[in-house]
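Basis for what follows: all heavy atoms, side chains included, without hydrogens, waters or symmetry-related copies.
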Amino acid sequence: INFNAQIVSLTTASATSSRTLPACGAVQIASGGSPLFFSFVASASSGAGTRMMMMPANTVEVFQTQGNHTISLKIDGATAPTTASITPMVGNTAGTRLAGDPSFQLDFTDGGDGSVDILPSIGQVFPTFTRATVAWTKLPSGLWAQMAAGVPRAFYSGFTTAVGSYLGYIAEGAGTQLVTPTASIRDMTDASWTKGATMTAAKTGTGIDGVANSCSRLTAGAVAATNTAFQTLVAAATSRTYSVWLKRVTGTGTINITQDGGSTFTDVTALINASTFTQVSLTASVNNAAFGIQMDTNTDVILADFNQFESGAFATSPMAAAGAARNADALTYPIAVSFWNDNAFTAYVKASIYAVNSATNQIVLNIHDGTANNRHTMRSAPGAASFNCETLSGGASQFGISLAGVTVGASFKVAYAAQANDAAARENDGAIGTDTTGSMPTGLTTISVGLLNSSQHLYGAIQSVALFRTMLPDAQLQALTA
C-alpha cells in the first residue's frame, strides 16, 4: 500500500497539526529546519498507547508502526516555523522487508587518551558503563596506559608496543592478578622472585608505558641452568596463565618461560624482538606453580614488564595491583521505540577478539529484556568454532544461524536480520544463512555490548554497531558485510 506524502506546515513555534494515516507498516517523517517533537498515538486495537519522540532538524527517519493499524501522528514545532512530510510506507505484511538507514548507531570514536566515545551517533539514548576498577589499554602510539575506574577504553591491535590499528571499544571480563606483592609485578629485584646464581636483575628498564626505570632488566650469566627468576603461588592445580612482556636488549639466545620451576620450558625466542615489547604467555595446570623466566646465553639482556598470573586459558590486559580484581566492562543502552521495532530488525556489528575462550561464548551484541529468555544475540561460540546469530522467546530457541568461526586479531563484520518466520545472517564475504521458522520476542528493553547480561564477555573490541527498524533484504546484508 503506497500513499502520497502528506505535508504539514507549522507556521509558529509550538504549533501542532495532526494527520490520521491508513493502516501501514511504517511511516517516513522528514523534518524541516527545526527540531520536531511528535508522538505516535496508536489505535485502541494496538494497545500501545502514546509514544513521545524527538527528531533533529533536517533529518529523515522511518518509524515502524508495530503492526497494521491506523495511527495518528501529531507534530509539534520546537523553536521556529518549519514543515514536515509524513509518508506512509508499504504495509508490514508477511515476507515484506523494508529498507532504510540505521535508526541507532555506535561509532566508538577514539578519545585519543585511551578513552572511547560511547554516545550513539544516531539514536538519542544515554549509555550506562560500569567498571569499578582501573584497567589498562593500548594507545595510538603503541604504548599502554592505565585508565581510571568508570572510563570505557579505546583499543588498538596487538598485545605489543608496536603501533596498531584502531579496533574500537574493548570489552573484557573480570580478572585477578596473582603475582604478589604489587611491587614484584614490574620489579623482579623484589625478594619474592627467586633468582638463580647467575641471573642479574635491575629495575632500570623503560616499560610498556614509556616510563623510565619502571620495569626489569635481566642479564644472563655463564650458566644457563641458573639464569632463572621464579615466583611460586602456593595453590592447588587449576588452569592458569602466566604472561610477561619481553623485549630483547642484546643477544640472540633462547628465552624460555615456565610454570613448573623449570621442569619444562616454553621457548618464546621467536616471539620477541629488540624494537618493541611483546606479551608472551603459557597456560598450564600445576600444583604450587613456580612461574617465571629462563635465559640460555651468557651476557644476553632482556627487559621484562608486567609479570601476570591469572586464572583461565589466556592472558588478558595488564593488571598492576597484586590480588586486586580488574572488574568486568559492562556497557548497556536502553531501547527506545524511536529506533527499535519488536516485529522486525537488522543488527550490524564490526568487531574482533584478542583471544579464544574455549569455555564459553564471546558475546558481541545482545538485545534483551533483562533476562536470558527473550533476546537476539550475536556471539562467537566456545573455541571460536562458529559465529552464531540467534533469537530466543520465552526461553525457547526461535532462530539459530551458524556462520564461520572468527580469527583472533582479525576484524569481522556480521549482519543479522529477522522477522516472524524469516531470519538471515551473513559474515564478511560468506554465504547468507537463513532460518524460516520462529517467532519474535517482545518487550525488549536493553542493548548490551560485549557481554550477555553480566557474563560471557567478548575479550575483544567492537568498532561499530548499527540497528535498523526493518529486516533488510539480502542484498543489503551483503553490502553491509562486504
Side-chain angles (χ1 to χ4, degrees), residues 136 144 158-161 172-180 184-188 190 192-196 199 201 207-208 215-216 218 220 224-248 251 253-273 276-297 300 302-320 322-323 326 353-359 382-384 408-409 459-460:
W136 284 67
W144 288 68
F159 274 61
T160 70
T161 52
E172 294 184 291
T176 300
Q177 171 66 279
L178 300 176
V179 174
T180 188
S184 70
I185 295 170
R186 306 186 72 182
D187 182 5
M188 297 180 75
D190 188 88
S192 62
W193 290 99
T194 301
K195 269 81 69 179
M199 176 72 92
I208 67 171
C215 76
S216 302
L218 301 179
T226 55
N227 289 332
T228 56
F230 300 146
Q231 187 177 125
T232 300
L233 174 70
V234 179
T238 189
S239 179
R240 298 186 184 94
T241 297
Y242 169 61
S243 62
V244 61
W245 294 71
L246 298 180
K247 179 181 179 182
R248 191 179 288 280
T254 299
I255 310 296
N256 293 307
I257 58 175
T258 184
Q259 276 202 42
D260 58 13
S263 296
T264 59
F265 286 113
T266 294
D267 186 344
V268 297
T269 309
L271 302 178
I272 68 174
N273 63 78
T276 62
F277 279 93
T278 303
Q279 186 193 54
V280 297
S281 64
L282 167 64
T283 300
S285 180
V286 179
N287 189 51
N288 297 332
F291 51 88
I293 301 168
Q294 184 266 337
M295 303 169 65
D296 266 4
T297 305
D300 273 11
I302 61 172
L303 300 182
D305 202 0
F306 275 100
N307 288 277
Q308 191 154 297
F309 202 43
E310 59 190 309
S311 296
F314 52 87
T316 65
S317 63
M319 292 180 277
R326 179 199 59 233
I353 59 174
Y354 72 68
V356 170
N357 192 335
S358 298
V408 169
Y459 291 100

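Residues G262 and F230 come closest through the heavy atom pair N-CZ, 4.1 Å. Closest approach of I293 and A304 over heavy atoms only: CD1-CB, 4.0 Å. Residues P318 and I208 share a closest heavy-atom pair of CG-CD1, 4.0 Å. When all heavy atoms of N273 and T276 are compared, the pair lying nearest together is OD1-N, 2.7 Å. Across G253 and R248, no two heavy atoms sit closer than the pair O-NH2, 2.8 Å. When all heavy atoms are compared, the tightest approach of S263 to D260 is N-OD1, 3.1 Å.
Applying the side chain to side chain donor-acceptor pair (under 3.5 Å) criterion to T316, with sequence neighbours excluded, gives E310, R326. In this structure, the side chain to side chain donor-acceptor pair (under 3.5 Å) partners of T269, at least two apart in sequence or on a different chain, are D267. Partners of Q294 by side chain to side chain donor-acceptor pair (under 3.5 Å), not counting sequence neighbours, listed by chain and number: N256, D296. By the salt bridge (charged side-chain N to carboxylate O under 4.0 Å, His left out) test, R240 is found to be paired with no residue, residues two or more places apart in sequence or in another chain being considered. Residues satisfying the side chain to side chain donor-acceptor pair (under 3.5 Å) criterion with Y459, sequence neighbours excluded, are absent altogether.
At least one donor-acceptor pair closer than 3.5 Å links the side chain of T241 to the backbone N or O of G312. Of the possible donor and acceptor atoms, none in the side chain of Q279 sits under 3.5 Å from a partner among the backbone N and O of F159. Remark: side-chain polar atoms of K247 are not paired, donor with acceptor, to backbone N or O of D305 under 3.5 angstrom. T226 places no side-chain N or O within donor-acceptor distance of the main-chain N or O of G196, the cut-off being under 3.5 Å. In terms of modelled atom types and a separation under 3.5 Å, the side chain of Q231 and the main chain of T194 share no donor-acceptor contact. In this structure a side-chain-to-backbone donor-acceptor pair under 3.5 Å is missing from S358 to G383.
Residues E172 and Y354 have side chains in contact (heavy-atom distance under 4.5 Å, counting atoms from C-beta outward). Side-chain contact check for N307 versus W193: some heavy-atom pair is nearer than 4.5 Å. The closest side-chain heavy-atom distance from W245 to L303 is not below 4.5 Å. Taking the side chain as every heavy atom from C-beta outward, L246 and T278 never approach each other to under 4.5 Å.
The distance from atom CZ of F265 to atom CD of Q259, rounded to the nearest 0.5 Å, is 12.5 Å. Here the CZ-CG distance, from F309 to L282, works out to 8.5 Å after rounding to the nearest 0.5 Å. Of the inter-residue distances, the one linking Y242 atom OH with L233 atom CG reads 13.0 Å to the nearest 0.5 angstrom.
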Intermediate values then yes/no, side-chain contact (heavy atoms from CB on, under 4.5 Å), S239 and T283: CA-CA 7 Å; S239 179; T283 300; 3.6 Å; yes
Audit row: C215, F277, side-chain contact (heavy atoms from CB on, under 4.5 Å) steps and yes/no: CA-CA 11 Å; C215 76; F277 279 93; 4.0 Å; yes
Candidate pair M295 and I302, rule side-chain contact (heavy atoms from CB on, under 4.5 Å), full reasoning: CA-CA 9 Å; M295 303 169 65; I302 61 172; 3.9 Å; yes
side-chain contact (heavy atoms from CB on, under 4.5 Å) evaluation trace for T176 with M319: CA-CA 8 Å; T176 300; M319 292 180 277; 5.6 Å; no
Let me check something: any side-chain donor-acceptor pairs from residues 285-292 under 3.5 Å, sequence neighbours excluded? List them with distances.
| unit_1 | atom_1 | unit_2 | atom_2 | d |
| --- | --- | --- | --- | --- |
| S285 | OG | T238 | N | 3.2 |
| N288 | OD1 | A235 | N | 3.0 |

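If you look at F306 and W144, their ring centroids are not closer than 6.0 Å.
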